[in-house]
Enquirer: 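The following block contains the structure, expressed as structure tokens.
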Amino acid sequence: MLHAVPSPPAEVPPAPARIVTGLYLRCLREAQHIRLEQAARAVGVSEPAVSRWERAKSPVRPDALGTLLRLYGVAGDQARFLVGSLPPQGYDRRKHEEKGGGRRAPHDCWGDVARGEATARHIAVMRLASEVVQYCLQVPAGLRTEDYQRIVLDPAVCIIPDEPVLGLPSWVHGVDWAERQRRTVLLDETVLTRGRGDNPAMVADQLLHLARLVRRERCDGEGLSIRILPMAQVLFIHTVGATAEVTLHGHRMTVTVGLSPTYETGSGAARIISAGLREAADAAWSREATYKALVSAAADMERRAAS
């Protein structure tokens, strides 16, 4: 059963820098086995206050953010970048709209340009989101065979890895996929034929692995759903490229990765991408059609490998 892609919420969402930074604080704290009580004591606030910061339910003060980052071992340019990325105290996006600020307020879009940590934060966002809807041009993280992943994450061709690899901050290696994550993966139809000239046997194994995942999908709409998005009809999402919409602690946010991860909430651009993903989900092949296409493409790859 394909997950229904929810419509954008009516409330004004937090700035994406706040959402990602809050998640980062939680990951750092848990990786170092620091209790909420210890973090709260360090900044002189209550445990619920720290919890709200981590869930982006309330804005963290710049001085408190700096203190927590130092407690967790983050300093220098990295800490200054995060503190400087947050909206100023008292920022109200609705006031910007009332003044005719256009379709994108100043803090609706955030590019996380801190190398290493930015990649790790992106991995954490994708793994810990309660809901993920993503359009992919290749098989994404968490769905790959070992051989396929080795090729995808080859440092010679992979600029920004989407899985924890050597060289990334140690904390991200302990971030597991959310146990009850609802994830809809819309695979571009070209995934069925890509890689013919490289290693068709390896691609065949990957396609059969995806087919098995499709067969194991739950009927109640929970968990993972994989669908093929055909090229017969050119959709808006085809012009955008690989992108995703995630939900973290009830906050919806679009995610794209170019030279660095970019996050967006609340803007007209974010709403257009969200609508584009819903359109793509409606246009994707059914579960049965996706399964048959994967099995057929795998058989074609196997024939090529044997010839």
Side-chain angles (χ1 to χ4, degrees), residues 13-32 34 39 42-43 50 53-56 59-89 91 104-129 132 134 140-141 152-153 155 157-176 241-246 248-249 251 253-267 269-270:
R18 249 181 64 193
I19 298 172
V20 178
T21 298
L23 183 69
Y24 182 50
L25 290 174
R26 171 189 149 196
C27 289
L28 290 173
R29 181 178 60 76
E30 292 180 346
Q32 298 178 43
I34 296 175
V43 291
V50 175
W53 292 342
E54 292 181 350
R55 294 176 289 123
V60 57
R61 301 192 318 268
D63 63 308
L65 175 57
T67 299
L68 288 174
L69 290 173
R70 286 192 297 274
L71 177 65
Y72 304 148
V74 179
D77 291 343
Q78 180 68 226
R80 284 190 290 272
F81 169 70
L82 290 175
V83 172
S85 294
L86 295 182
Q89 292 293 299
Y91 172 78
R104 178 181 278 163
H107 295 278
D108 285 351
C109 184
W110 181 57
D112 192 355
V113 297
R115 286 288 184 180
E117 293 289 342
T119 299
R121 285 190 284 266
H122 172 252
I123 293 171
V125 164
M126 299 304 293
R127 288 185 167 212
L128 295 176
V132 177
Q134 59 187 140
V152 169
L153 297 182
V157 296
C158 180
I159 300 175
I160 300 181
D162 56 7
E163 293 272 23
V165 296
L166 289 176
L168 286 182
S170 59
W171 65 265
V172 76
H173 293 267
V175 177
D176 294 323
T243 190
E245 183 177 56
V246 303
L248 278 165
H249 303 301
H251 309 306
M253 176 172 64
T254 61
V255 185
T256 57
V257 179
L259 296 177
S260 62
T262 300
Y263 308 93
E264 191 149 1
T265 60
S267 68

Enquirer: If you round to the nearest 0.5 Å, how far is CZ of F81 from CG of L86?
Expert: 10.0 Å
Enquirer: Mind listing the closest non-hydrogen atom pair of V20 and R121 along with its distance?
Expert: CG1-CD, 3.9 Å
Enquirer: Is the closest side-chain heavy-atom distance between V125 and Y263 below 4.5 Å?
Expert: yes
Enquirer: Taking side chain as C-beta onward, heavy atoms only, is R26 less than 4.5 Å from R55?
Expert: no
Enquirer: Look at the side chain of R29 and the backbone N and O of I34, then say whether any donor-acceptor pair between them is shorter than 3.5 Å.
Expert: yes
Enquirer: Where is the tightest heavy-atom contact between H173 and L168, given as atom of each residue plus distance?
Expert: NE2-O, 3.8 Å
Enquirer: Between L69 and L25, is any pair of side-chain heavy atoms under 4.5 Å apart?
Expert: yes
Enquirer: Mind checking the CD1-CG spacing from I123 to L128? Nearest 0.5 Å is all I need.
Expert: 11.0 Å
Enquirer: Can you name the closest pair of heavy atoms from L71 and A42 and give their distance?
Expert: CD2-CB, 4.0 Å
Enquirer: Just to verify, which of Q32, E30, E117 counts as forming a side-chain hydrogen bond (donor to acceptor under 3.5 Å, both in side chains) with W171?
Expert: E117
Enquirer: Compare every heavy atom of A129 with every heavy atom of V246, then report the nearest pair and how far apart it is.
Expert: CB-CB, 3.8 Å
Enquirer: Can you confirm whether V255 sits close enough to T262 that some side-chain heavy atom of one is under 4.5 Å from a side-chain heavy atom of the other?
Expert: no
Enquirer: Which pairs count as salt bridge (charged side-chain N to carboxylate O under 4.0 Å, His left out) when at least one residue sits in residues 163-174, sequence neighbours excluded?
Expert: R127-E163
Enquirer: One pair to check against side chain to side chain contact (heavy atoms under 4.5 Å, CB included): M126 and Q134. What are the steps and the verdict?
Expert: CA-CA 10 Å; M126 299 304 293; Q134 59 187 140; 3.9 Å; yes
Enquirer: If we only count heavy atoms from C-beta on, is the L65 to W53 side-chain gap below 4.5 Å?
Expert: no
Enquirer: Between P62 and V83, what is the shortest heavy-atom contact and its length?
Expert: CB-CG1, 3.9 Å
Enquirer: How many angstroms lie between CD in E54 and CG in L248, if you round to the nearest 0.5 Å?
Expert: 12.5 Å
Enquirer: Using only atom types and a distance under 3.5 Å, with no angle test, would you say the side chain of H107 pairs donor to acceptor with the backbone of A17?
Expert: no
Enquirer: Can you tell me how far CD of E264 sits from CE of M253, rounded to the nearest 0.5 angstrom?
Expert: 11.0 Å
Enquirer: Only counting residues at least two apart or in another chain, list the ones meeting ring pair (Phe, Tyr, Trp, His ring centres under 6.0 Å) with H122.
Expert: none
Enquirer: Any heavy-atom pair between the side chains of W110 and S85 that's under 4.5 Å?
Expert: yes
Enquirer: Side chains of P59 and R18: does their closest heavy-atom pair fall under 4.5 Å?
Expert: yes
Enquirer: Give, for atom CG of L153 and atom CG of D162, the distance between the pair rounded to the nearest 0.5 Å.
Expert: 6.0 Å
Enquirer: What heavy-atom pair brings L259 and I160 nearest, and what distance separates the two atoms?
Expert: O-CD1, 3.2 Å
Enquirer: With a 4.5 Å cut-off on side-chain heavy atoms, are V175 and P164 touching?
Expert: no
Enquirer: May I ask you to decide if P14's main-chain N or O and T265's side chain share a donor-acceptor pair within less than 3.5 Å?
Expert: yes
